[in-house]
Amino acid sequence: MSPVTKKKNPINQWQANFFAGLAIVLPAVISIAIVLWLFEGVSNITNSLLLPVPSKYKYVDGARGEIHWYWSLVALLLALFLIGMVGRFARHYIGKKLIELMDIVLLQVPLLNKIYAAIKQVNQAFSASNKTAFRQVALVQFPRSGYYSIGFITGDQHQEVQAKTREKVISIFVPTTPNPTTGFLIMVPEKEVVVLDMSVAEGIKFIISLGSIAPDYGALNPPSTGSTTGSLPSIVPSPVVGKTHAAH
């Protein structure tokens with residue numbers, strides 16, 4: 001006798017279809033929602049460029065209130081164009097001098113000078129001129145020896161720390177998961193830092209996905225003890241992580 005084929009429960013079949021569809025639709029919906037949220041937030045700033053536009057054309061009700069979305073898009077494109085022009089102007093001698101003059105003026109204003117100086121320093125830390133900040137992913141023993149965490153190298157110029165610890169230390173930002181915008185800043189001896197081959201984007205994806213999305217590692221021959229896994233200006237890490245002291 002042939003086995004009796006059991007019919008699938010329609011409810012179970014619908015649930016399977018629903019979750020399969022959800023896995024396809026959800027990433028697209030979240031991506032679109034994030035883009036719209038960012039557009040709305042940025043447009044609240046860039047809409048100030050629309051002051052010359054008459055109210056009857058700009059606002060939905062012709063007077064005040066909500067601005068037509070296409071005018072917000074025009075303001076955003078205009079802002080991008082102006083920022084590009086400022087960047088081009090800043091490459092010339094006169095532009096550089098005007099920017100220096102603006103820095104001097106802003107740094108003389110009470111309260112504003114503290115905010116401006118802090119933001120400028122952070123901006124310079126992540127600028128293209130900084131060859132180490134957030135350019136490489138590292139593996140460190142954190143929160144204690146024997147436990148490994150993914151982090152991002154943020155710098156190695158710490159004269160006071162190096163003088164007082166007598167160690168060449170590297171600052172590592174170890175983000176939390178699944179929110180990589182918060183985390184811990186630790187300073188680790190250079191010899192105990194393992195530079196990984198994965199890109200920063202792959203490292204962030206690995207953290208956000210709770211470690212479920214790991215980048216492919218194409219090395220056919222794993223590096224032997226004593227060889228380097230990456231390179232940094234003035235940083236030559238070893239892939240063998242020794243017993244570490246507490247993070248400085």
Side-chain angles (χ1 to χ4, degrees), residues 19 21-91 99 102-103 106 111-112 114-137 150-155 172-185 198-215:
F19 286 113
L22 186 64
I24 297 172
V25 173
L26 193 59
V29 172
I30 294 176
S31 300
I32 294 173
I34 291 175
V35 170
L36 293 176
W37 175 74
L38 290 174
F39 176 74
E40 182 179 358
V42 173
S43 64
N44 290 333
I45 301 174
T46 57
N47 282 343
S48 59
L49 297 173
L50 300 174
L51 289 177
V53 180
S55 299
K56 62 179 180 179
Y57 301 119
K58 183 169 52 176
Y59 295 104
V60 175
D61 59 1
R64 288 290 176 184
E66 185 180 356
I67 296 177
H68 289 290
W69 68 269
Y70 47 83
W71 277 114
S72 294
L73 180 60
V74 170
L76 177 60
L77 295 176
L78 179 60
L80 295 176
F81 172 76
L82 292 175
I83 292 173
M85 293 301 296
V86 169
R88 182 175 181 179
F89 183 65
R91 295 182 178 180
I99 292 175
M102 182 188 70
D103 286 345
L106 292 176
L111 183 61
L112 180 61
K114 304 297 183 183
I115 300 174
Y116 179 72
I119 294 176
K120 191 173 182 66
Q121 288 177 348
V122 172
N123 181 62
Q124 290 174 346
F126 292 97
S127 64
S129 60
N130 192 326
K131 302 300 183 182
T132 59
F134 278 85
R135 294 296 188 272
Q136 288 184 292
V137 184
I150 294 290
F152 302 98
I153 295 174
T154 58
I172 306 288
F173 173 67
V174 179
T176 56
T177 182
N179 178 18
T181 59
T182 61
F184 303 90
L185 175 62
M198 70 174 68
S199 65
V200 173
E202 290 172 336
I204 294 175
K205 187 186 300 182
F206 180 76
I207 292 167
I208 293 176
S209 67
L210 306 179
S212 62
I213 302 178

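Values below: every heavy atom of this structure, side chains too, minus hydrogens, waters and symmetry copies. Everything numeric in this text was worked out from a predicted model, so none of it was measured.
- Atoms CG and CG, on L78 and L82 in that order, are 4.5 Å from each other to the nearest 0.5 Å.
- In this structure, I204 CD1 and I213 CD1 are separated by 13.0 Å, a value rounded to the nearest 0.5 Å.
- Between N44 atom CG and I67 atom CD1 the span is 9.0 Å, to the nearest 0.5 Å.
- Pairing each heavy atom of N179 with each of T176, the nearest pair is O-OG1, 2.7 Å.
- At a threshold of 4.5 Å between non-hydrogen side-chain atoms, the residues L76 and S43 do not count as touching.
- By the ring-ring contact (aromatic ring centres under 6.0 Å, His included) test, F184 is found to be paired with F142, residues two or more places apart in sequence or in another chain being considered.
- For the atom pair Q136 CD and I172 CD1, the distance stands at 9.5 Å (nearest 0.5 Å).
- Looking at every heavy atom in both residues, T46 comes nearest to S72 through OG1-O, 4.5 Å.
- When every heavy atom of F152 is checked against every heavy atom of G203, the shortest pair comes out as CZ-C, 4.1 Å.
- Taking every heavy atom of both residues into account, V137 and S199 meet most closely at CG2-O, 3.4 Å.
- When atom types are taken as modelled, the side chain of T154 and the backbone of F173 share no donor-acceptor pair closer than 3.5 angstrom.
- Put simply, the side chain of K120 reaches to within 4.5 Å of the side chain of D103, judged on heavy atoms.
- The distance from the CG atom of L49 to the CG atom of L77 is 11.0 Å, given to the nearest 0.5 Å.
- Here the shortest heavy-atom pairing between W69 and F39 reads O-CZ, 4.1 Å.
- Atom CD of residue E66 and atom OH of residue Y59 lie 11.5 Å apart, to the nearest 0.5 angstrom.
- The closest side-chain heavy-atom distance from T177 to I150 is not below 4.5 Å.
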